[in-house]
Each structure stands twice: as C-alpha cells, then as structure tokens.
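Positions are given from 1, in the same order as the sequence printed here. Please read all numbers here as calculations on a predicted model, not as lab measurements.
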Amino acid sequence: MAKTNFQYEKRQRELEKKRKQEEKAKRKLEAKHHPASEQEADEAGYETSETDTTAPE
C-alpha cells in the first residue's frame, strides 16, 4: 500500500492557513477604509428598495 505524503499535506494546510489570514487582513483593511456608518446607510437603502410596492387595497 502507498505511504501518505505527510509533508505535502502539511504544506497544503500551511498554504490554506496563510490564505485565510491574508483574506482576514484584507477584510480588516477594507473595514478600516469604509466606516460602519457608510455600511449602515447602504444596508438601509437596500432594505427600502426591497419593500413590496403592490397596489393598495
């Protein structure tokens, strides 16, 4: 039976961990450049556009 390549598996785990850390750092940077007040305004505008505009009864 073939042996498991532990070094390859370890390297893959390390690369995945590094990728996740880079994504997290990127999200933090984006959040820093876009204050929460802007995000709340965007969300509020998005919610109002979803309201049902059917004819009144």
Side-chain angles (χ1 to χ4, degrees):
M1 183 153 61
K3 289 174 134 181
T4 311
N5 190 348
F6 291 109
Q7 289 179 334
Y8 175 79
E9 291 177 1
K10 182 177 180 182
R11 178 67 176 149
Q12 294 304 308
R13 285 193 305 270
E14 290 173 352
L15 290 172
E16 183 68 20
K17 187 175 182 181
K18 185 177 179 181
R19 184 183 63 80
K20 285 183 179 182
Q21 288 176 343
E22 290 173 352
E23 287 178 2
K24 184 176 181 181
K26 185 178 177 182
R27 283 194 309 267
K28 284 179 117 179
L29 238 174
E30 289 174 355
K32 190 175 184 180
H33 290 296
H34 301 288
S37 61
E38 288 181 12
Q39 291 175 353
E40 289 173 5
D42 291 340
E43 290 172 1
Y46 182 69
E47 290 173 4
T48 56
S49 65
E50 285 186 0
T51 57
D52 188 19
T53 57
T54 58
E57 294 178 5

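Applying the side chain to side chain contact (heavy atoms under 4.5 Å, CB included) criterion to Lys10, with sequence neighbours excluded, gives Arg13, Glu14. Residues passing the side chain to side chain contact (heavy atoms under 4.5 Å, CB included) test with Leu15 are Arg11, Gln12, sequence neighbours excluded. The salt bridge (Lys or Arg N to Asp or Glu O under 4.0 Å) search around Glu23 returns Arg19, not counting sequence neighbours.
Each of Lys20, Lys18, Lys24 was scored for a side-chain contact (heavy atoms from CB on, under 4.5 Å) with Glu22, with one residue passing: Lys18.
Taking CD of Gln21 as the start and CD of Glu16 as the end, the distance is 11.0 Å to the nearest 0.5 Å. With rounding to the nearest 0.5 Å, the separation of CD in Gln7 from CD in Glu9 is 11.0 Å.
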